[in-house]
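Here's the structure we're looking at; comments come further down.
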Amino acid sequence: MSLNGWLQITLFIAAVLLLAKPMGIYLTRVFNRSSTFLDPILLPCERFLYRLTGVNPEQEMRWTEYATAMLVFSAATMLLTYLVERLQHILPLNPQHLPNVEPFLALNTAVSFTTNTNWQSYVPEATMSYLTQMLALATHNFWSAAVGMSLAIAFIRGIARRESKTLGNFWVDLTRGIFWVLLPISIVFSLALVSQGVVQNLRPYDTSKLVEPQISISSDGKTSTITTQTIAQGPVASQEAIKMLGTNGGGFFNANSAHPFENPTPLTNFLQMLAIFLIPAGLTVTLGQMVGSPTHGWAVLAAMVVLWFAGTFTCYWAESQPNLMLHGVNQHVSELQSGGNMEGKEVRFGITNSALFATVTTDASCGAVNAMHDSFMPLGGMVPMVNILLGEIVFGGVGAGLYGMLIFVIIAVFIAGLMVGRTPEYLGKKIEAYDVQMSMLYLLIFPLIILGFAAISVLMPTIGLASLANHGPHGLSEILYAYTSATGNNGSAFAGLNANTPWYNNSLSVAMFFGRFMMIIPMLGVAGNLAGKKIVPASAGTFPVTTPLFTLLLTGVILIVGALTFFPALSLGPILEHLLLRAGHAF
Amino acid sequence: MSSHANRRSLFDGKIVRRAFFDAFAKLSPRLMMKNPVMFVVEIGSALTTILLIADFATHKTGLRFNLQITLWLWFTVLFANFAEAMAEGRGKAQADALRQAKSETTAYRIIKGEVHEIPSSQLRVDDVVRVTAGQMIPGDGEVIEGVASVDESAITGESAPVIREAGGDRSAVTGGTRVLSDVITVRITSNPGETFLDRMIALVEGAERQKTPNEIALNILLAGLTIIFLLAVVTLQPFAVYSGAQQTIFVLISLLVCLIPTTIGGLLSAIGIAGMDRLVQHNVLATSGRAVEAAGDINTLLLDKTGTITIGNRQASEFVAAPGIDERTLADAAQLSSLSDETPEGRSIVVLAKEKYNLRGRELAHLNAEFVPFSAITRMSGIEVDGRSIRKGAVDAIASYLQQHGSGLPTEVRASVEKIARSGGTPLVVAENGCALGVIHLKDVVKGGMRERFDQLRAMGIRTVMITGDNPLTAAAIAREAGVDDFLAEAKPKDKMDLIKREQADGKLVAMTGDGTNDAPALAQADVGVAMNSGTQAAKEAGNMVDLDSNPTKLIEVVAIGKQLLMTRGALTTFSIANDVAKYFAIIPAMFAGVFPVLNALNVMHLHNAESAVLSAVIFNALIIVGLIPLALRGVSYRPMSAAALLRRNLLVYGLGGIIVPFIGIKAIDMAITALHLA
C-alpha cells in the first residue's frame with residue numbers, strides 16, 4: 001500500500017460523495033415528475049411515447065400491478081434478445097459473418113442481460129454481431145437498469161406514502177428513468193470515453209502484422225508460427241457508458257474493462273468506477289428526500305461507505321502483499337513497478353486501481369472487471385465474493401442496491417427496534433409479520449440458490465467438477481463465485497471455470513432469474529404493504545434511523561446476518577486457500 | 001396497597017418442581033411444532049439418538065463424544081421447555097391465588113319473591129340472588145337493590161371495604177367477594193366458568209394464550225434465520241466432501257443447533273407469559289397479550305384530572321380578606337360556616353383555618369347554631385349563630401345575596417375572585433350580615449411526584465393529555481402545574497371519544513383509564529383501556545385491562561411493563577444472533593483442522609481439541625438458556641429514557657455483550673471439560 005494509492009482511493013470516494021447530493025436531488029425531481037432543465041426536449045418525447053403505447057401516465061398501480069408490468073416488460077425484452085441472438089446470421093450489421101448463437105448460450109445471455117447480470121459465457125467479439133451487441137445487449141443495459149431504478153423508487157414510495165394502495169406507474173418510472181437519467185448521462189459519458197480513445201465504429205475487424213511473430217504449440221504437439229493479429233472493432237463507447245452507469249458490466253470484448261479499447265487510460269478507469277457508484281449513491285439521497293428525512297439517506301449512505309472502505313482496504317492490502325510463491329523476486333512498490341501481486345492485472349492500472357475497481361464493481365452489481373479476480377490473492381479475491389454475498393447492498397446495482405439495503409434496514413430495525421420497547425417502526429411505519437415474512441423470503445433466496453447450486457455442482461464430478469481448471473479450495477471458490485455472481489446479478493467471473501456447458505449455462509440462468517425476480521416480488525410486497533400503513537409521528541420514543549449508531553447497527557446486522565450465512569463455505573474456499581498459501585501451498 | 005405485594009421469589013420450590021416435570025411433558029412434537037426453532041433442535045436430538053443407538057449396536061468408536069452431544073442436545077430442548085414451564089407455573093400460582101376467592105358458595109336465589117338455596121355453580125345469567133351481611137357474593141353481577149359495604153380484598157388485596165349500591169357507577173360486584181353490612185339484591189351477569197375472573201385466570205395460566213402480533217413477526221424472523229442456517233449447514237457437507245473432510249452427522253447437527261437462534265427461540269414464550277405475570281403482580285389483569293404489547297407502543301395517555309392527577313377534591317388553600325377585614329376574622333367566619341359542611345371542600349376549610357390561625361373546630365350542638373344547608377335555589381350554605389348570619393357560596397350567588405341586603409361586592413373582592421379563577425382555583429366568597437368578608441381559595445391539589453412522572457413519560461416520547469370537566473382557564477392552570485402536555489377542558493364523553501379517534505387517525509396509539517358506564521365507548525375505542533375494578537360492569541367489559549386496585553395512575557406502570565416485554569424480546573434476539581460469531585470460531589476450525597491444520601489459525605479461543613470445542617459450544621448454547629431464564633422472567637431492566645439512549649445502552653449490553661460473552665463462556669467450558677477428561 002502506498003500514499004499515492006490511498007490518495008487515489010480518497011479522490012474517488014470524495015468524487016462519489018460530492019456527486020451524490022446533486023444526483024439524488026435530480027433523481028427525486030425526475031421521479032416526482034417535477035420540472036427539470038431537460039423538460040423542453042424530453043417532455044414532448046415522453047408524451048409522444050405514452051400516446052403511441054396507450055399508457056395513461058396518471059394511472060397509479062398497486063404493487064401486484066407494478067410487479068406484473070415489470071415482469072411482462074422483462075419477459076418481452078428477454079424474448080427479443082433471444083430472437084436477435086438466434087437470428088443474427090440473417091440480420092444486418094454482421095461484418096464478421098458470425099453464426100447464430102447456440103440455443104442454451106442464447107438463453108443464458110438473454111436471461112443474463114434481462115436480469116442486469118451480464119454474465120458472459122461467451123467471447124463477445126467472436127460470438128455477437130454488432131446488431132446483437134447494440135439492439136439486444138446495449139439496449140438491455142438501459143432497460144434493466146431503468147427497471148432497477150423504478151423498483152427502488154417504488155420501494156421508497158412505499159415507505160413515504162401513508163395509507164395508499166399504490167406505488168406509482170411502472171411505465172412512467174421506466175420511461176423517465178431512461179429519458180431523463182440514463183440516456184443523457186450516457187451520451188455525455190460516451191463522448192468523454194471517445195476522447196480518451198475508446199473506439200466507436202461499425203467496421204470489420206482489423207488485421208495487422210505482428211512485429212515479433214509468435215510460435216504456438218498446439219495440444220497435439222504441432223508448432224505453428226503466428227504472424228498476424230485480428231483486432232476487434234465495434235460501437236464500443238456507446239455500450240461502455242451504459243455498461244458502467246447502469247451497473248450492467250457486460251463487456252463489448254471478452255477482456256472487459258481490461259481491454260485498451262474499452263478502458264484505455266487511468267482517467268477512463270476513474271470515470272468508469274465513478275459511473276458505477278453515481279446513481280446508487282444518488283438514490284440514497286433520493287431516499288432521504290422522498291421520505292422527508294434527508295439525514296436518514298445520509299445514514300444509509302454512511303453504512304455503504306463503511307462497508308465499501310472495509311472491502312477496499314482488505315482487497316488493496318491483500319493485493320499489495322508480495323506473492324509468497326515468488327521467492328527472491330522483488331515485489332516491492334517503487335517508481336518503476338506497482339509491487340504486490342500483479343498477476344492478472346493491467347500495468348496501466350496497477351494494484352490500487354485494480355483492487356479498487358474489483359471492490360467497486362462487486363459492491364455494486366456491475367461485474368465489469370479491469371483485472372482477473374481469479375488471479376487475486378485468496379483474501380483479495382474473497383472481497384469481491386463477500387461483497388456480492390452480502391447482497392450487493394454496498395451502493396449496489398442501480399436501484400437493486402438500494403432496495404436490497406432497505407430490506408436489511410427493515411430487518412435491522414425489527415431486531416433492534418424491539419430493544420427500545422416498542423413495536424419496531426421504520427420512519428413511522430410499523431414493521432409487522434407480513435413485512436418480516438417478505439423480507440426473510442428475500443434474504444432466503446441468496447443462500448438457497450448460491451449454496452444449493454454450488455453444493456450440487458461439487459457433488460457431480462463429471463458435470464460440475466469437470467469444467468474446473470483448479471482443484472482444492474481455489475476450485476471451490478471458482479464454483480461459489482460463479483453462482484454468487486449469477487444470483488447477485490453481478491456478472492463478473494472468477495474465470496478458471498468453463499461455464500459454457502449445459503449444466504452451468506442452465507443452472508446459472510436459473511440462478512440469475514431467481515436472484516432477480518424471486519427477490520423483487522417479496523420486496524415489492526413489502527413496499528405495497530408499507531404504503532398502506534399509517535405513519536406514526538416521530539417522538540422521543542421513536543427508533544432513531546438518522547444517527548451514527550443506526551449506521552453502526554445496520555452495518556453490524558448486514559455483516560452478521562449476511563456474512564455468517566456464508567462463513568462455513570468461505571472457510572473451505574478463500575480462507576483455507578489463504579492459510580494454505582501462507583504455509584506454502586498454491587492452487 | 002403496595003403494588004408489589006403479590007411478588008414471589010423467582011425460583012419458588014413448588015413451581016420449579018412442577019416445571020421440571022412439565023419440561024418433559026412438553027417434548028410432545030405436537031406442542032413443539034408451535035416453536036419452529038426448538039422443533040428443529042428436537043428433530044436433531046431425535047436423529048442423533050437414533051444414530052447413537054445404531055453406533056452402539058455396531059460398536060463404532062467415538063461413542064463418548066456422540067453420547068455427550070446427544071445428551072446436551074436434549075438438554076437444550078428441555079431447558080427451553082423448562083423456561084416456558086417456569087413462566088406458566090408462576091402464572092398458575094397467581095391463578096391459584098385468584099381462584100381461592102372462587103370457592104363454591106351457597107347462593108340464595110329469588111324466584112317470584114321466594115328464596116331458594118342453591119350452589120353457586122348452578123347460577124345462570126339473569127338469576128337474581130340476595131346476599132346479606134357475612135355472605136359471599138356467589139357470582140359476577142349488578143346490584144339492583146340496596147346498598148352494602150363489600151370486602152373485595154380477596155381480589156384486590158385492599159382491606160378497606162368499598163360501597164356497592166344499586167344504580168350508578170358503583171353497582172358492579174364480583175363473585176367471591178364478601179358483603180360486610182346490609183343486604184343487597186344482585187342480578188347475575190355471567191354463567192359459572194365464564195365470569196370475569198375465570199377468563200382472567202385462564203389468561204394468566206397461559207391456557208388460552210395466543211401469540212401476539214409482534215410475537216408472530218418475531219417467530220417468522222427466527223424461522224427464517226433457522227432455514228438460512230439449515231441451508232448453510234446442509235450444503236456444508238458437500239463442500240466438506242469435496243475438500244476431503246467429511247463430517248459426522250453429530251458435528252453437523254451440533255453446528256446447526258449452535259447457529260439457529262435457540263436462546264431467543266427457547267425463551268420467547270416464557271417472555272410473553274412472564275409479561276402477563278408482571279402485570280398481574282401489579283394487580284392488573286389484561287384480557288389479551290396483545291393489550292400488553294400495545295401498552296408499550298402508546299403515544300398518547302389520556303388521564304382524568306380528578307383522582308389521577310389531582311387528589312380528587314378541591315381543598316382550601318388560602319383566605320383572601322376584603323379590605324379592612326382581618327384575615328383571622330374571615331377564617332373564623334369561614335370555619336363556622338363549614339362546621340356542618342361534610343363535603344371534602346367544607347372539611348378542608350375547617351382544617352385550613354385550624355392550621356393557619358389555630359382556630360379549633362367547634363361542636364355545632366354547643367353553639368346553639370342553626371345550619372343553613374346548600375340549596376339549588378340559593379346556591380349558598382351558611383350558619384346562623386349568636387345573631388351572626390354567615391353565608392358562603394359562588395361569586396354570583398353571594399353578589400345577589402349582598403344586593404338584597406343593600407350592599408354590593410367590593411371591587412377588591414371581585415379582583416381577588418378573578419385572580420383565583422385565573423390561577424385555576426375555585427373562589428368561594430364569604431359574607432357576614434350582608435357584608436363581604438373575603439374569598440376562600442379552593443384549589444385542586446396535584447398529587448405529589450406527578451410532574452416527575454410526566455417528565456419521564458415525555459422522555460419516553462409519550463404525550464399526556466389531561467381530561468377534565470373544568471373550564472379551560474382552570475384546566476390550563478392545573479395542566480401547567482401538573483406538567484401535562486395538553487388538556488381537554490369541559491370534556492363530555494363524546495369529546496373524549498373524538499379525541500381518541502383523532503389521535504388514532506394520526507397513527508397514534510392511545511391509552512386511557514375509566515370507570516363509569518359513560519366511559520365504556522371510549523375505553524373500547526382506546527388501544528389500551530384500563531377499567532377500574534370499582535367501576536361498572538360495562539366499563540370492565542369495554543376495556544382490555546382491569547386494575548384491581550382501581551388506581552388510575554397505574555397506567556404509567558402498565559406502559560412500562562409493555563415496553564419491558566418488547567425490550568426483553570429484542571435484547572435476547574440480538575444476544576442470540578450475536579452469539580453466533582463465537583460459535584463459528586469454536587466449531588469451524590474444530591471441523592476442518594483435522595484435515596487442514598492451517599485452519600487452527602481460526603481457533604482464536606485455543607480450545608483444547610476438536611471434540612472439546614464442539615462440545616463446549618453445544619453446552620454453552622444449552623446453558624445460556626438456563627442462565628437467561630431469570631432475565632426472561634423478570635424482563636430487562638427498564639428506566640424511562642429516550643429511544644436513542646435505550647438503543648445505545650441495550651446494543652452495548654446485548655449486542656456487544658452477545659459477541660463477547662460466548663467467547664469467554666465457551667473457553668471456560670472447554671477448560672472445565674478438559675479438566676474432567678470428558679473430551
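Labels below follow one simple rule: chain letters A, B, ... track the order of the sequence lines, proteins then strands, and each chain is numbered from 1. Since the model is a prediction, treat every value here as computed from it, not as a measurement.
Residue with the most contacts toward chain A among B/Thr574, B/Ile588, B/Leu236, B/Leu647: B/Leu647 (heavy-atom pairs, distance under 4.5 Å). Here B/Leu221 is the residue among B/Asp506, B/Asn299, B/Ile216, B/Leu221 with the most heavy-atom pairs under 4.5 Å with chain A. For the set B/Ser243, B/Gly507, B/Ala217, the count of heavy-atom pairs under 4.5 angstrom toward chain A peaks at B/Ala217. Between chain A and the options B/Tyr654, B/Tyr584, B/Tyr638, the largest number of non-hydrogen pairs under 4.5 Å is found for B/Tyr584. Counting heavy-atom pairs closer than 4.5 Å to chain B, the top-ranked of the candidates A/Asp435, A/Val436, A/Leu564 is A/Leu564. When B/Ile227, B/Ile228, B/Asn214 are compared by the number of non-hydrogen pairs under 4.5 Å with chain A, B/Ile228 comes out ahead. By number of non-hydrogen pairs under 4.5 angstrom with chain B, the leading residue of A/Gly417, A/Ser539, A/Pro447, A/Pro568 is A/Pro568. Taking A/Ala538, A/Pro537, A/Gly556 one by one and counting their heavy-atom pairs under 4.5 Å with chain B, the maximum is reached by A/Pro537. Comparing B/Thr235, B/Leu646, B/Thr573 by heavy-atom pairs within less than 4.5 Å of chain A, the highest count is held by B/Thr235.
The contact between A/Phe414 and chain B is made entirely by side chain atoms (from C-beta outward), counting heavy-atom distances below 4.5 Å. In this structure, no portion of A/Ile456 lies under 4.5 Å from any heavy atom of chain B. Of the atoms belonging to A/Leu552, not a single heavy atom falls under 4.5 Å from chain B. In this structure, chain B has heavy atoms under 4.5 Å from both the backbone and the side chain of A/Thr565. For B/Phe592, the part lying near chain A is the side chain, with the backbone staying farther off; criterion is any non-hydrogen pair under 4.5 Å. Contacts of A/Ala583 with chain B are made by side-chain atoms alone, with heavy-atom separations under 4.5 Å and no backbone atom involved. When heavy atoms are compared at a cutoff of 4.5 Å, B/Leu572 does not approach chain A at all. For A/Lys430, the part sitting under 4.5 Å from any heavy atom of chain B is the side chain, from C-beta outward, and nothing else. Heavy-atom distances place the side chain of A/Met440, and not its backbone, under 4.5 Å from chain B. In this structure, the portions of B/Val581 lying under 4.5 Å from any heavy atom of chain A include both its backbone and its side chain. When heavy atoms are compared at a cutoff of 4.5 Å, B/Ala560 does not approach chain A at all. For B/Ile298, the part sitting under 4.5 Å from any heavy atom of chain A is the backbone (N, CA, C, O) and nothing else. If you measure heavy-atom distances from A/Leu448 to chain B, the contacts under 4.5 Å come from both the backbone and the side chain. At a 4.5 Å heavy-atom cutoff, the contact between A/Gln437 and chain B is made by backbone and side-chain atoms alike. Interface remark: B/Ala601 contributes side-chain atoms only to the contact with chain A (heavy atom separation under 4.5 Å).
A/Tyr426 and A/His296 form a side-chain donor-acceptor contact under 3.5 Å, judged by distance and modelled atom types alone. For the residue pair A/Trp298 and A/Thr546, no side-chain donor N or O sits within less than 3.5 Å of a side-chain acceptor on the partner. With 3.5 Å as the limit, one finds no donor-acceptor pair spanning the side chains of B/Arg458 and B/Ser642.
In this structure a side-chain-to-backbone donor-acceptor pair under 3.5 Å is present from B/Asp527 to B/Val510. B/Asp297 places a side-chain N or O within donor-acceptor distance of the main-chain N or O of A/Thr423, the cut-off being under 3.5 Å. Under a 3.5 Å cut-off, the side chain of B/Gln237 and the backbone N or O of B/Val233 do not form any donor-acceptor pair. Under the 3.5 Å distance criterion, the side-chain polar atoms of B/Thr568 are left unmatched by any main-chain donor or acceptor of B/Gly635. With hydrogens and angles disregarded, a donor-acceptor distance shorter than 3.5 Å links the side chain of B/Lys583 to the backbone of B/Cys258.
Contact annotation: the side chain of A/Leu476 approaches that of B/Tyr242 to within less than 4.5 Å [non-hydrogen atoms, C-beta and beyond].
With salt bridges taken as basic N to acidic carboxylate O contacts below 4.0 Å, one links B/Arg453 and B/Glu557.
Smallest separation of non-hydrogen atoms from A/Leu427 and A/Ser293: CD2-CB, 4.2 Å. The heavy-atom pair separating A/Leu480 from A/Ala454 by the smallest distance is CD2-CB, 4.0 Å. Considering every non-hydrogen atom in both A/Gly475 and A/Leu468, the closest pair reads O-CD2, 3.6 Å.
Heavy atoms of other residues, nucleotides or ligands lying less than 6.0 angstrom from CZ of A/Arg162 number more than 12.
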